[in-house]
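Here's the structure, in structure tokens; my notes come after.
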Amino acid sequence: MSPKRTTVQAAPRPDRKADLLADVMGAAAARPLPASPPQLPVDLGPAPMPPTPLLEVKVTPLRWSLPMVEAPDAGIGLSVRLGPVKVSLAFG
């Protein structure tokens with residue numbers, strides 16, 4: 001009589017993808033979800049003030065010009081030149 005051969009089957013090895021997925025799912029379940037940071041009140045500062053009108057009168061006796069209407073040097077408004085006098089009205 002000859003001895004019987006028995007074959008031993010190895011336990012199935014888990015594939016790497018399943019192994020990594022199990023590790024990630026275990027780690028995610030172990031830690032709590034992060035809470036959102038508390039909302040801090042935002043200071044908007046004082047309310048904006050309306051622009052201050054600026055009236056400017058320049059007299060240049062040595063520099064005469066033809067009558068003209070133009071934009072002022074600063075801000076939004078109107079400027080009028082008439083001879084040696086320049087009158088400007090500007091906002092902001």
Side-chain angles (χ1 to χ4, degrees):
M1 287 189 129
S2 68
K4 285 187 176 180
R5 287 188 172 192
T6 57
T7 58
V8 177
Q9 293 182 353
R13 286 179 39 188
D15 59 339
R16 288 185 186 179
K17 181 178 178 182
D19 189 31
L20 289 174
L21 185 60
D23 287 345
V24 169
M25 294 305 287
R31 66 172 178 221
L33 293 175
S36 62
Q39 298 294 328
L40 300 175
V42 177
D43 184 21
L44 299 178
M49 300 294 290
T52 304
L54 171 71
L55 178 65
E56 179 181 15
V57 179
K58 286 185 182 179
V59 179
T60 54
L62 300 177
R63 196 169 157 204
W64 285 65
S65 67
L66 295 174
M68 67 175 70
V69 177
E70 57 188 8
D73 297 333
I76 299 171
L78 187 66
S79 177
V80 178
R81 282 183 176 224
L82 185 60
V85 179
K86 177 181 177 183
V87 179
S88 297
L89 178 63
F91 294 96

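These numbers were taken from a predicted model, which means no experiment stands behind them.
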### Query
Would Lys86 and Arg63 count as a side chain to side chain contact (heavy atoms under 4.5 Å, CB included) if you check the C-alpha gap in whole Å, the side-chain angles of each, and the deciding distance to 0.1 Å?
CA-CA 11 Å; Lys86 177 181 177 183; Arg63 196 169 157 204; over 6 Å; no
### Task
Sequence neighbours left out, what passes side chain to side chain contact (heavy atoms under 4.5 Å, CB included) with Val69? Give chain and number order.
Leu78, Val80
### Query
Can you tell me if CG on Leu55 sees more than 12 non-hydrogen neighbours from other groups inside 6.0 Å?
yes
### Task
Answer yes or no: does atom CE of Met49 have more than 12 heavy-atom neighbours from other residues, nucleotides or ligands under 6.0 Å?
no
### Task
Quick one: pull up OG1 in Thr60 and CG in Leu62 and give me the separation to the nearest 0.5 Å.
8.0 Å
### Query
Minimum heavy-atom separation for Trp64 to Gly83, with atom names?
CE3-CA, 3.7 Å
### Task
Using side chain to side chain contact (heavy atoms under 4.5 Å, CB included) as the criterion, list what pairs up with Glu56, not counting sequence neighbours.
Lys58, Ser88
### Task
Quick one: pull up CG in Leu89 and OG in Ser79 and give me the separation to the nearest 0.5 Å.
9.5 Å
